[in-house]
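Contents: one structure, followed by commentary.
For ligands, and for the atoms within them, numbers begin at 1 and follow the listed sequence.
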Amino acid sequence: MAQLWGGRFTKDTDRLVYNFNASISFDQKFFHQDVEGSIAHVVMLEKQGILTAEEKDAIVKGLTSIREDVDQGKLEITDEYEDVHSFVEANLISRIGDAGKKLHTGRSRNDQVALDMKLYTRAEVAAVDELLKELLTVVLDIMKANTETYMPGFTHLQKAQPITLAHHMGAYFEMFRRDRSRMQDIYKRMNYCPLGSGALAGTTYPLDRDYTASLLGFEGPTLNSMDSVADRDYVIEFLSALSTVMMHLSRFCEEIIIWNSNEYQFVEIDDAYSTGSSIMPQKKNPDIAELVRGKTGRVYGALMSILTTMKGIPLAYNKDMQEDKELTFDAIDTVKGCLALFTGMIRTMKFNEDIMAASAMNGFTNATDAADYLVNRGVPFRDAHSIIGKLVLTCIEKDKAIHEMTIEELKEISDVFEPDVFDAVSLKTCVEKRLTIGAPGPDAMNKVIALCEEYLKEK
Ligand code: ARG
């Protein structure tokens, strides 16, 4: 049990207490950030005349050698230490002696852990943003190739109006684009450096917090030392944004599972992204989509957990805050894994265009357009709605689609119908006439696609 704070104590810590309190099993995840923060700290201490150049050089060399040894597997991070901060400091002292004991001058583990967590989270925010961008690139490829691939659009999971695959994918493009903008907002808002806040009330040393902040790539230092060590808002914001990413992925997965079912057959998931059954030889299951959908709960759980942990904590640092790590790390790894797999799955997924188009042809997806046809010939919309309602009933009785009725049959319902109705209710017309921006008509869609391409080039 290697501890940094034994001086005041006369008894050893109880083993169970030690284990309960220790965080090394999980905070070693930000070992690199801990070393990076310590290097910036000592470089600043030397600039301010708090450490000599020799002391600074010895500490930086010592820290660099510890990092190298851990990276090369020569030095193991073990539970002999309470946390990753103790591990680094103890190893530094054993390597370079007394100079190592000066590393923690003007610093507390409270501002140290606040920094480490922030550095770690900041990098992960950027990594998730990058994965979202890759996903958007694949979504856009599918959009570009399918501006005239017809399919039914649904409300209540009932066929509603015909759309195109490009249009359907475009909805997800917008969702993931918003997810990216949330990442970029979080990055900007969190990018202030807590180091130099000490335990809670700053320090009496003449630290240059602006300098440390700039060394570590922050916009500047945080402006209240109490808040600096007690703030985990950025973790909450990140987990909230990750939960929204998972909610989007999960909805997409749900659709893919439905589309991949034997009843729909709109898509076929590639063999590389499907699994079989141990008993039923015919099966090819959409396990990846199901797992992504399932893992959404884990990420929501992490958000609820940290929100609950933080809600009753008085200022400033309290040990409760150590609970910010495990579930957050798990959530980040989960989302990154899900994004990577999901992107691969849709990149390789095959769309059965004929089946989609055939499905768009039945289910009366052109009923609104049939009503619009009558409206364009002077029938008030409410009357047109009622006439087409009767037409649909008749079609159901005759087991025919609207476009399969003869002009005589149509005229029995309303003599406003003329032979040009067949063109007006064709799948192609139904889609192509939807021309306002945001609608599925290929001309409108191509304009949106150009904007999406522009966006991906810029950001
Ligand atoms: N392991 C602690 C955490 O994760 C580090 C900070 C410890 N500070 C303290 N005063 N005990 O929050």
Side-chain angles (χ1 to χ4, degrees), residues 1-9 11-38 40-41 63 70 77-93 103-124 190 193-203 212 216 222 224-236 238-239 302 305-333:
M1 299 199 279
Q3 283 159 331
L4 299 172
W5 40 264
R8 187 215 185 282
F9 288 75
K11 273 196 204 165
D12 282 346
T13 318
D14 179 271
R15 188 77 229 181
L16 285 177
V17 172
Y18 182 84
N19 292 343
F20 192 66
N21 189 49
S23 52
I24 188 119
S25 62
F26 48 87
D27 65 17
Q28 56 181 278
K29 192 126 174 152
F30 49 51
F31 164 73
H32 281 102
Q33 286 76 8
D34 197 72
V35 171
E36 188 192 349
S38 291
H41 183 61
L63 288 171
V70 169
I77 303 177
T78 65
D79 61 7
E80 182 192 339
Y81 304 91
E82 179 186 339
D83 53 30
V84 72
H85 325 297
S86 319
F87 165 80
V88 172
E89 195 174 325
N91 274 279
L92 182 69
I93 295 168
L103 167 66
H104 212 50
T105 314
R107 190 175 68 170
S108 156
R109 271 188 298 168
N110 296 353
D111 60 345
Q112 187 177 0
V113 78
L115 173 72
D116 292 0
M117 190 66 184
K118 216 172 215 188
L119 287 173
Y120 186 88
T121 308
R122 187 179 70 174
E124 294 297 331
M190 74 179 288
C193 183
L195 195 61
S197 298
L200 77 163
T203 73
T212 330
L216 292 166
T222 50
N224 182 290
S225 58
M226 299 263 278
D227 176 55
S228 306
V229 294
D231 167 34
R232 295 295 183 272
D233 287 8
Y234 62 94
V235 176
I236 292 171
F238 188 29
L239 287 174
S305 167
I306 179 80
L307 275 170
T308 311
T309 296
M310 295 302 293
K311 85 175 176 59
I313 303 185
L315 289 177
Y317 177 84
N318 294 258
K319 201 58 178 266
D320 319 39
M321 289 166 66
Q322 182 165 288
E323 288 298 309
D324 65 350
K325 295 177 192 63
E326 280 165 287
L327 294 180
T328 301
F329 295 157
D330 179 75
I332 295 170
D333 292 345

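With a 6.0 Å radius and a threshold of 12 heavy atoms from other residues, nucleotides or ligands, Lys311 has its NZ atom at or below the threshold.
Residues Leu216 and Cys193 approach most closely at CD1-SG, 4.3 Å, considering heavy atoms.
Between Phe30 and His85, the two ring planes are parallel [angle under 30°; tilted spans 30° to 60°].
Each of Val235, Ile236, Asp233 was checked for a side-chain contact (heavy atoms from CB on, under 4.5 Å) with Met310, and the lone residue meeting it is Ile236.
Relative to the ring axis of Tyr234, Lys118 places its NZ or CZ within 45° and under 6.0 Å from the centre.
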Put together the list of close N/O pairs, under 3.5 Å, between ligand 1 and the protein, could you?
{"from": "ligand 1", "atom 1": "1 (N)", "to": "Ser23", "atom 2": "OG", "distance (Å)": "3.0"}
{"from": "ligand 1", "atom 1": "1 (N)", "to": "Gln322", "atom 2": "OE1", "distance (Å)": "2.7"}
{"from": "ligand 1", "atom 1": "4 (O)", "to": "Lys325", "atom 2": "NZ", "distance (Å)": "2.5"}
{"from": "ligand 1", "atom 1": "8 (N)", "to": "Asn110", "atom 2": "OD1", "distance (Å)": "3.0"}
{"from": "ligand 1", "atom 1": "10 (N)", "to": "Asn110", "atom 2": "OD1", "distance (Å)": "3.0"}
{"from": "ligand 1", "atom 1": "12 (O)", "to": "Tyr317", "atom 2": "OH", "distance (Å)": "2.5"}

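The salt bridge (Lys or Arg N to Asp or Glu O under 4.0 Å) check on Asp320 picks up nothing, with sequence neighbours excluded.
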